[in-house]
**Student:** 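This is the structure, below, for whatever I ask next.
Residue numbers start from 1 in every chain, and the chains themselves are labelled A, B, ... in the order their sequence lines are given, proteins ahead of strands.
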Number of protein chains: 2
Amino acid sequence: MNAQDILKKYQLSVTDSRLSVLQIFMQAGGALSHSDIESRLKGFHDRVTVYRTLQTFAEKGIIHQIPTIDNAVLYALCKEDCTDGHHHDNHVHFLCTECEITTCLDEVVVPVVKLPRGFRQNDVKMIVTGVCKSCK
Amino acid sequence: MNAQDILKKYQLSVTDSRLSVLQIFMQAGGALSHSDIESRLKGFHDRVTVYRTLQTFAEKGIIHQIPTIDNAVLYALCKEDCTDGHHHDNHVHFLCTECEITTCLDEVVVPVVKLPRGFRQNDVKMIVTGVCKSCK
DNA sequence: TATTATTTTGCAACATTATTGCAAATTTAA
DNA sequence: TTAAATTTGCAATAATGTTGCAAAATAATA
Ligand SMILES: [Mn+2]
Ligand SMILES: [Mn+2]
Ligand SMILES: [Zn+2]
Ligand SMILES: [Zn+2]
């Protein structure tokens, strides 16, 4: 599915900036931060537009967010079945300390965890740090 | 162990700001962000000092960092056995969507996960979102 | 296709958050 | 008590994020 199809699928107007951001994600191997995207756009679009685009994509379920410990949330494309408020990205994320690239390990499902009595569980995120296959 | 003892244990000078920040952590139930701490200090110490204090504490293994998806890294006190570069905080973190408090579930160990061939694993972080015991 | 309605964009202005250098103050070592 | 080492606060600066609004682009309608 190409960029334009994705936008239409999620009922978004097809615009230049949205297409560009989508294409950047599709080319990138791993997850990207706001500033990663900004720099790859090489000034073609405004910073504010990028903020709004990422927010829209996340809300629609086109991209999902990956928490980090360095004040720079990462974003990555979702697989098919994410929709409006409902993401299903229960895979593990891997941050390589060598190449600094964060990847979605789509095939690695986040293991279940048993919480103490009284806790109700909604969503789980798991971030593994280490050395990736390429950098080994 | 009181604040002063902790600082001495980790071979840090005992200063006013460090003691205050430590005490804030000890009183707080859950994890705190930079701005949480800043506001609790009520202007008694400079923002910059808080940044440097948190960084020092994290490096020494007095506090550990909890990733979030809203550009506001959280910090929480480590248990006994963390040292200089080596943290051992392999417990699950729980973010309650009601009270917005993030807590360390010290008794819940992060489950092991099997990565694809070629990946070497260092550290794992797991953040569960839901409704906590108190808010149920 | 031409016109209109709706949405999106870029800019400017502003707000918040984070980093750095350096002198003064504090803490520790002698 | 004094000297050395560390830490702090301030100022300046940078980086990041938000909002309002008019112009531009897109989508819907005739
Ligand atoms: Mn992912
Ligand atoms: Mn913890
Ligand atoms: Zn790597
Ligand atoms: Zn709660």
**Student:** Answer with yes or no whether B:Arg47 presents, from its side chain, a donor or acceptor under 3.5 Å of a partner atom in the base of D:dG9.
**Tutor:** no

**Student:** Less than 4.5 Å apart, any side-chain heavy atom of B:Asp89 and any of B:His91?
**Tutor:**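 Counting from C-beta outward, B:Asp89 and B:His91 do come under 4.5 Å.
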
**Student:** Check whether any side-chain N or O of B:His93 sits under 3.5 Å from a backbone N or O of B:Cys104 as a donor-acceptor pair, and report yes or no.
**Tutor:** no

**Student:** May I have the distance from A:Leu19 (atom CG) to C:dT9 (atom P), rounded to whole angstrom?
**Tutor:** 10 Å

**Student:** In whole Å, I'd like the distance from the CG atom of B:Leu22 to the C1' atom of D:dT7.
**Tutor:** 15 Å

**Student:** For B:Leu12 and C:dT26, give me the distance from atom CG to atom C1', rounded to whole Å.
**Tutor:**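 After rounding, the reported distance stands at 15 Å.
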
**Student:** Could you check which of C:dC11, D:dA27, C:dT19 has an atom nearest any side-chain atom of B:Tyr51?
**Tutor:** C:dT19

**Student:** Please tell me if A:Thr15 has a side-chain N or O lying less than 4.0 Å from either OP1 or OP2 of C:dT9.
**Tutor:** yes

**Student:** Starting at atom CG of A:Asp46, determine the distance to atom C1' of D:dT16, rounded to an integer number of angstrom.
**Tutor:**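 Checked: the CG to C1' distance equals 13 Å.
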
**Student:** A:His34 has a side chain; which of D:dG17, C:dT28, D:dA27 sits nearest to it?
**Tutor:**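 Nucleotide nearest to A:His34's side chain: D:dG17.
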
**Student:** Checking contacts here: which listed nucleotide (C:dT8, C:dT27, D:dG9) is nearest the side-chain heavy atoms of B:Arg52?
**Tutor:** D:dG9

**Student:** Taking only the side-chain nitrogens and oxygens of A:Ser13, find out if one of them lies under 4.0 Å from OP1 or OP2 of C:dT7.
**Tutor:** no

**Student:** Does A:Ser17 reach a base, just sugar-phosphate, or nothing at all? Heavy atoms under 4.0 Å.
**Tutor:** sugar-phosphate

**Student:** Does D:dG9 have OP1 or OP2 sitting under 4.0 Å from an N or O in the side chain of B:Thr49?
**Tutor:** yes

**Student:** Calculate the interatomic distance between B:Phe44 atom CZ and D:dT8 atom P; express it in whole Å.
**Tutor:**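 Rounded to the whole Å, the gap is 16 Å.
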
**Student:** Hey, any chance A:Tyr10 and A:Val50 share a hydrophobic cluster, counting ILVMFWY side chains that come within less than 4.5 Å of each other, even indirectly?
**Tutor:**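 Result: yes, single cluster for both.
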
**Student:** Can you figure out which of C:dT20, D:dT7, D:dG17 approaches the side chain of B:Asn71 most closely?
**Tutor:** D:dG17

**Student:** Where the side chain of B:Val48 is defined as all heavy atoms beyond and including C-beta, which of D:dC10, D:dA27, D:dT8 is the nearest nucleotide?
**Tutor:**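 When the side chain of B:Val48 is considered, D:dC10 is the closest of D:dC10, D:dA27, D:dT8.
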
**Student:** Rounded to the nearest Å, what distance is computed from the CG atom of residue B:Leu7 to the P atom of nucleotide D:dT6?
**Tutor:** 16 Å

**Student:** Whole Å only: how far is the CG atom of A:Asp36 from the P atom of D:dA15?
**Tutor:**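 Distance, rounded to whole Å: 15 Å.
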
**Student:** Would you confirm whether A:Thr103, through its side chain, and A:Gly30, through its main-chain N or O, come within 3.5 Å as a donor-acceptor pair?
**Tutor:** no

**Student:** Distance alone, cut at 3.5 Å: any donor-acceptor contact between the side chains of B:Ser33 and B:Asp36?
**Tutor:**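 There is such a pair (donor and acceptor under 3.5 Å, judged by atom type) between the side chains of B:Ser33 and B:Asp36.
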
**Student:** Between C:dT7 atom P and A:Gln55 atom CD, what is the distance in whole Å?
**Tutor:**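 The answer, rounded to whole Å, is 16 Å.
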
